[in-house]
There are 2 protein chains.
Amino acid sequence: MVYNKTKKVLARQEKLRKKILAAAKEVMAEDTAGKFSIKSIAQKAGIATGTFYLYFANKEALIEIVVQDLYAELLAIIKEERARYTDVFDKLRASMEVCIKTFLKKRQMAKILLVYFPEINSTINSKFTHIEKDLINFVKEDIDQLLAEDRIPPQDSLVSATAFVGTFREVMLSWLNTEEEVDWEQAYNTLVEYNMRGIGKK
Amino acid sequence: MVYNKTKKVLARQEKLRKKILAAAKEVMAEDTAGKFSIKSIAQKAGIATGTFYLYFANKEALIEIVVQDLYAELLAIIKEERARYTDVFDKLRASMEVCIKTFLKKRQMAKILLVYFPEINSTINSKFTHIEKDLINFVKEDIDQLLAEDRIPPQDSLVSATAFVGTFREVMLSWLNTEEEVDWEQAYNTLVEYNMRGIGKK
DNA sequence: GCTATAACTGAATCCTGGTTCATTTTTTAC
DNA sequence: GTAAAAAATGAACCAGGATTCAGTTATAGC
């Protein structure tokens with residue numbers, strides 16, 4: 001006979017699954033390299049190492065889920081913010097603003113997406129390259145529209161969009177690695193202005 | 001009694017050391033992740049794995065030497081090119097130009113410095129963070145000078161310099177990963193213009 | 001309460017790949 | 001040519017960590 005799970009058990013398992021994911025994010029955000037162990041995650045989640053494998057197929061699958069998870073979260077935040085504006089420049093500016101602020105607020109997310117992600121991106125079968133492209137294409141579409149509206153000088157929109165995203169990665173990474181206090185307000189403005197000028201806002 | 005190496009042996013060993021380094025660079029540039037094995041390097045260099053350890057203390061030391069090596073090479077090229085100009089804008093433009101062209105020509109160097117380097121940067125005790133900072137400071141000094149000369153609008157020069165370098169990494173990385181043909185001329189111009197406008201060239 | 005099934009445990013297994021070292025080959029110095 | 005020293009070899013060793021699985025505990029259904 002096959003037993004069915006009760007709601008109570010289902011709820012407990014769902015909770016544990018989330019607990020493991022949370023522990024994984026913590027661990028991943030802590031030790032910068034791709035060196036974390038399943039054992040450390042299990043420990044942090046308060047389970048036996050074997051139990052981990054009842055919830056996730058293997059390490060690779062876990063990483064994939066964590067990254068997709070965080071990425072989806074970030075993307076949703078950006079999309080929501082963009083929806084508030086109609087002018088493309090405003091959309092762009094809003095994207096930048098919310099992106100920076102989210103990363104500043106959710107350091108864990110920033111660390112995993114910015115530091116960890118590029119590593120695994122090359123290690124694991126490139127399941128994630130699309131994420132990179134997604135983000136760049138996002139910006140590219142805005143630039144294309146601005147080009148169509150003749151509001152910025154001619155340029156290779158893909159290259160510009162790539163450069164645009166690159167400024168973020170680099171700046172956020174430098175912030176993640178630094179201990180010193182940063183004047184966020186000024187830094188943020190500089191970054192936004194840099195890219196606005198970069199694409200050629202008149 | 002202690003024997004002395006003859007010139008012939010010294011020469012042979014020097015040659016072999018270089019051969020191992022070359023093999024290492026090849027292997028590192030090939031498999032994108034930090035997953036290469038000493039065995040594969042030894043094989044490519046035509047030696048036994050044990051022999052590797054007669055020439056390099058261990059894997060970490062090898063990586064350090066390779067990265068420092070390539071970085072020094074790149075830096076020398078940039079410095080030489082910069083020396084040809086006096087105006088800061090020209091220096092900046094020249095740096096960009098020679099950097100891109102070098103990376104395009106020496107794909108191996110690009111792959112190791114751009115893909116591989118960030119990985120190990122976090123993995124290994126941060127012996128390399130200074131490289132990152134060096135490069136950014138390079139640009140920062142130019143920006144500071146332009147600010148002093150009142151030729152660009154007020155900005156946080158460190159953030160701008162970081163953003164500047166970021167555009168390169170991102171764009172070069174996208175080129176390294178793409179299979180498609182790229183119109184280098186246009187792409188290159190877009191990238192240079194992006195940064196020139198970005199810092200606020202009037 | 002009782003038994004079949006499912007969930008959990010953590011020690012044991014397995015694999016990968018860096019590093020070592022006893023042995024073999026080459027070089028030195030006479 | 002020969003014996004001591006150095007260099008080279010590659011199989012064996014070893015560590016770390018992912019994954020498994022036999023044994024234990026909890027749950028389901030009656």
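We name chains A, B, ... by the order of the sequence lines, and we start the count at 1 in each one. For the numbers below, each heavy atom of this structure counts, side chains included, while hydrogens, waters and symmetry mates do not.
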- Rounded to whole angstroms, how far apart are CD on B:E14 and P on D:dA7? 14 Å
- Query: Taking only residues at least two apart or on different chains, which pairs with a member in residues 153-168 of chain A satisfy salt bridge (Lys or Arg N to Asp or Glu O under 4.0 Å)?
  - Reply: none
- Query: Which letters describe nucleotides 25-30 of chain C, given B = protein heavy atom under 4.0 Å from base, S = only from sugar-phosphate, - = neither?
  - Reply: --SBSS
- Whole-Å distance, B:F36 CZ to C:dT19 P, equals 10 Å
- Message: Check this for me, if you would: do B:E30 and B:K44 make a salt bridge, where the nitrogen-to-carboxylate-oxygen distance has to be below 4.0 angstrom?
- Response: yes
- Message: How many whole angstroms separate atom CD1 of A:I47 from atom P of D:dA26?
- Response: 16 Å
- Item | Side chain A:T102, main chain A:V98, donor-acceptor under 3.5 Å | yes
- Message: So does A:I199 get a backbone contact from the side chain of A:Q155, meaning a donor-acceptor N/O pair under 3.5 Å?
- Response: yes
- Message: Nearest whole Å is fine: how far is D:dA5 C1' from B:L54 CG?
- Response: 14 Å
- Take the protein atom CG of A:L10 and the nucleotide atom C1' of D:dA28, then report the distance between them rounded to whole Å. 13 Å
- Hey, is B:D142 close enough to B:R82 for a salt bridge, meaning N to O under 4.0 Å? yes
- Item | Whole-Å distance separating the CD atom of B:E60 from the C1' atom of C:dT19 | 14 Å
- Would you say a side-chain N or O of A:T51 is under 4.0 Å from OP1 or OP2 of C:dT9? yes
- Query: Ion pair present between A:D87 and A:K91, side-chain N to carboxylate O less than 4.0 angstrom?
  - Reply: no
- Side-chain N or O of B:Y53 less than 4.0 angstrom from OP1 or OP2 on D:dA7? no
- Task: Indicate yes or no for a side-chain donor-acceptor contact from B:K5 to the backbone of B:L10 under 3.5 Å, with no hydrogens or angles considered.
- Result: no
- Item | Distance in angstrom units between A:F52 CZ and D:dA18 P, rounded | 9 Å
- Look at all strands and tell whether A:F56 reaches a base, only sugar-phosphate, or nothing, counting heavy atoms closer than 4.0 Å. nothing
- Task: Measure the distance from CG on B:L62 to P on C:dG17 and round it to the nearest whole Å.
- Result: 16 Å
- Please determine if B:D90 and B:R84 form a salt bridge, counting it only when a charged side-chain N lies under 4.0 Å from a carboxylate O. no
- Would you indicate which nucleotide in D:dT9, C:dT19, C:dT9 comes nearest to any side-chain atom of B:T49? C:dT19
- Item | salt_bridge(B:E97, B:K101) N-O dist < 4.0 Å | yes
- Task: Could you identify which residues of residues 37-45 of chain B place a heavy atom less than 4.0 Å from some atom of DNA chain C, listed by residue number, or say none?
- Result: B:S37, B:I38
